[in-house]
Amino acid sequence: MSLKEAKKGETVKVVSVDASNANVNRLCSMGILPGSDVQIVNNDLVGASHVNCMGSRMILGRNLPNKIEVK
Amino acid sequence: MSSKIIRAVLAGQPNSGKSTVFNNLTGAHEHVGNYPGITVEWHTGSRKYKGTTFELTDLPGTYSLSAYSDEERVARDYIINGDYDFVIDIVDASNLERSLLLTLQLKELGIPVLVVLNMIDLARKNGMNIDKDALSAQLGMPIVECVGYESGAVGAILDAAESLYDMLGESGSKSALKLNAEELTKPKPTEEEVAVTTARLEEIKQMCSAAVTSRPKEGPSWSDKVDAVLTNVWLGIPIFLFLLYLVFQLTFTLGEYPMGWIESGFEWLGDWVSGFWAEGEESLLKSLIVDGIIGGLGGVLVFLPNILLLFLAIAFLEDSGYMARAAYLADNFMKYIGLHGKSFVPMIIGFGCGIPAIMATRTLSSRKERLITMFIIPWMSCGARVPIYMLLVPAFFPEAYQAWVMWGLYVLGIIVAIIVAKIMSVFVIREENAPFIIELPPYRFPTFRTVGIHTIERGWLYLKKAGTILLGISIVLWALATFPRLPESESAKFEAQRAPIAQKLDELKEANPELETLAKDRDGVQEERDGVEEDAALADAEKEKKLAELDGQLAKFNEQLATYDDLTGQIEEIDNQEAEEQLANSYSGRLGHLMVPVIRTMGFDWKIGTAIVGALAAKEVFVAQMGVVYSIGEADEESESLRDIIKKNYPPLVGLSILVFCLLSAPCVATFAIMVKEAGWGWAFAQFITCTIVAWVISTLIYQIGTYLQIGTQLLM
């Protein structure tokens, strides 16, 4: 499933990121890459997800959550 | 003992508290923000400590050294090519693992690094226990623990820096920098980047398993709970707009008191200086000092309280961490106009001043978003326009509507900005938008110190600008409005008109010596009446009673002073005519006259034309110029305040037209200059011309429609 489909409070593992080079590199530097654990803080946001990764809160917007495959 | 000079550069991720540490180390008043990427240029400062000079450079906060955005490029280029001895890596101890990603990149480059575990108090509170020595051994780097804003941090960091320096030896240190540094930090293809980062994270995990113990956190944090409300679109956006409204209320209502003090202070100063010249011997020098210098300076200083309060509010929003949430909320609508939520932060800063705002667009990683944001910043009503609003809004609008008019102006600016941004993103710059990833730092109660530093620093910048450029401009404008002098024959004509009336007045005064005292007493009563009228604490019934009583007194005075008033009124009228003629004849008058055919459609006369020319230099000069335009050549310095004069000369519709024009028209020369620097001459000119045309069109529409509908076309006085 995509990150957007995960439930609030759930912790999921990133499987793949299907985004542009710039996006993937930026996500990597913030700790979101295949293999990392991401906790969903809030997924009700319009087109965006509020997640917790390695202890910091981030908002991923603009469809990016739909491009991140998690399990 | 020879004095050592140690040069170190501060690197760290956004929100690592790097700028706080830097401020503490150098005492430099540099901007500290809680918003990712608030430091857009590097700053330097130095400090003498135990006989050693430390030269410190603060780099923009970056998540990594692979250069995707401008600020990352700045940091990376400095680290690879800069002239320094070693890096001080500021690590957020409460967010250790991710922060160490950057540390490992520095290590791979072979640069000597001193690691500073900042916010160690927060980490401990969160249940983390970091074995500093074990971690240091794992990393192969010296480590200091500190709490960035505490004074103890300075000694700890500088002592460690000195011992690292001694250990590296005088030979310098960066020799170890890998030759292929450029290669190591250049953007990599997706798979490679993922593989490299995975390896680094694995390494970090191993280090931390040996050096860090932490108990798992239970439940959502306080910050998360607050965010559940503040980042909710339906609740968050209204709260955000309400906060903005609150900021303006605070700025304008609280600012009123100190403004009054400053105003009377300058009035007193002007009178005191005028006292050095005997009556009837008004020279050019007196006019220069009183009208040009004191008047111009007063006109600038009087708005300092407003500006300080506005900056205080913005600093509070930034440092509390709210700005990052605002950026997310903003992205919900910013994306529709082709902008990033992050663009909102420079735009908000634009309400303070366009110059730092345009510089702050460096945090935007896409060229398109950056250019559009810079382009629309002049429509964010900056602090320098506040003087214009404060002068004109109370003059033309009843008190109950003043805050709304002010709010409406800000909103109008935003609407115009949105429309232009949309047009640009669809038709002018058609490139792809950058990703939207934004970190939400934990909410922090801003420390008095950092908010204070921001506010004072920005206020100081305003004053520096006011004290130098604006004073200079004030004097130039005074000269433009004063020269050439009216020809002798013209002055003589006015003198001939004045002489018989003055003689009559003198005779009257001789016959009734008490008249002048009476006039003074009347002023006193009038002042008392104004005070009563504005006294909100007074009950309505009592107020009416008092007012009626005072009105009665005034009527009696007016009766006794009827002839006196008539004569002084006639003289004043002649004086005004002469002043007007003098100004019409001056250089700035001529320039204003030249503009009349174009600005007439907005209801402006040549005097406003003259003032808007002045406003090009800096927006607040509009006020100084209006002051000079109307007070020059007046014999009596205390005649009327500028606001009353404007009220007498223009109907409210023209007032609104001026307000809108000043809001939307071309940015000041300083903004133009920074635009040239950041975006090039072409963009700067495009911006200048677009602003002017948009302002002209909208003000013309307002004036023409208002005139047609007969709204606000009557003079108020």
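A, B, ... follow the sequence lines: proteins, then strands. Residue 1 opens every chain. These numbers come from a predicted model, not from an experiment.
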With no hydrogens and no angle check, just 3.5 Å: does a side-chain donor-acceptor pair link A:Ser56 and B:Arg98?
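Checked: A:Ser56/B:Arg98 side chains pair up, N/O donor to acceptor below 3.5 Å.
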Heavy-atom closest pair, residues A:Ser29 and B:Leu101:
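Looks like O-CD1, 3.8 Å.
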For A:Leu27, which atoms come within 4.5 Å of any heavy atom of chain B: side chain, backbone, both, or neither?
both
Would the number of heavy atoms belonging to other residues, nucleotides or ligands and lying under 6.0 Å from CZ of B:Phe333 be above 12?
yes
Report the distance from atom [atom1] of [X] to atom [atom2] of [Y], rounding to the nearest 0.5 Å.
X	Y	atom1	atom2	value
A:Met54	B:Glu97	CE	CD	5.0 Å
B:Ser64	A:Arg26	OG	CZ	7.0 Å
A:Leu60	B:Ile438	CG	CD1	11.0 Å
B:Ile437	A:Ile59	CD1	CD1	12.0 Å

Lys/Arg-Asp/Glu bridge criterion (N-O < 4.0 Å) met for A:Arg57, B:Asp224
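Counted as a salt bridge, because a side-chain N and a carboxylate O are separated by less than 4.0 Å.
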Report the residues that fulfil side-chain hydrogen bond (donor to acceptor under 3.5 Å, both in side chains) with A:Asn66, sequence neighbours left out, ordered by chain and then residue number.
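If we apply the side-chain hydrogen bond (donor to acceptor under 3.5 Å, both in side chains) test to A:Asn66, skipping adjacent residues, the hits are A:Asn63.
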Run the side-chain hydrogen bond (donor to acceptor under 3.5 Å, both in side chains) test against B:Thr373 and tell me which residues pass, sequence neighbours left out.
B:Ser343
Side-chain touch A:Asn42/B:Asp227, heavy atoms, less than 4.5 angstrom
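Result no, sub-4.5 Å side-chain heavy-atom pair not found.
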So what's closer than 4.5 Å to chain A heavy atoms on B:Thr231: side chain, backbone, both or neither?
both
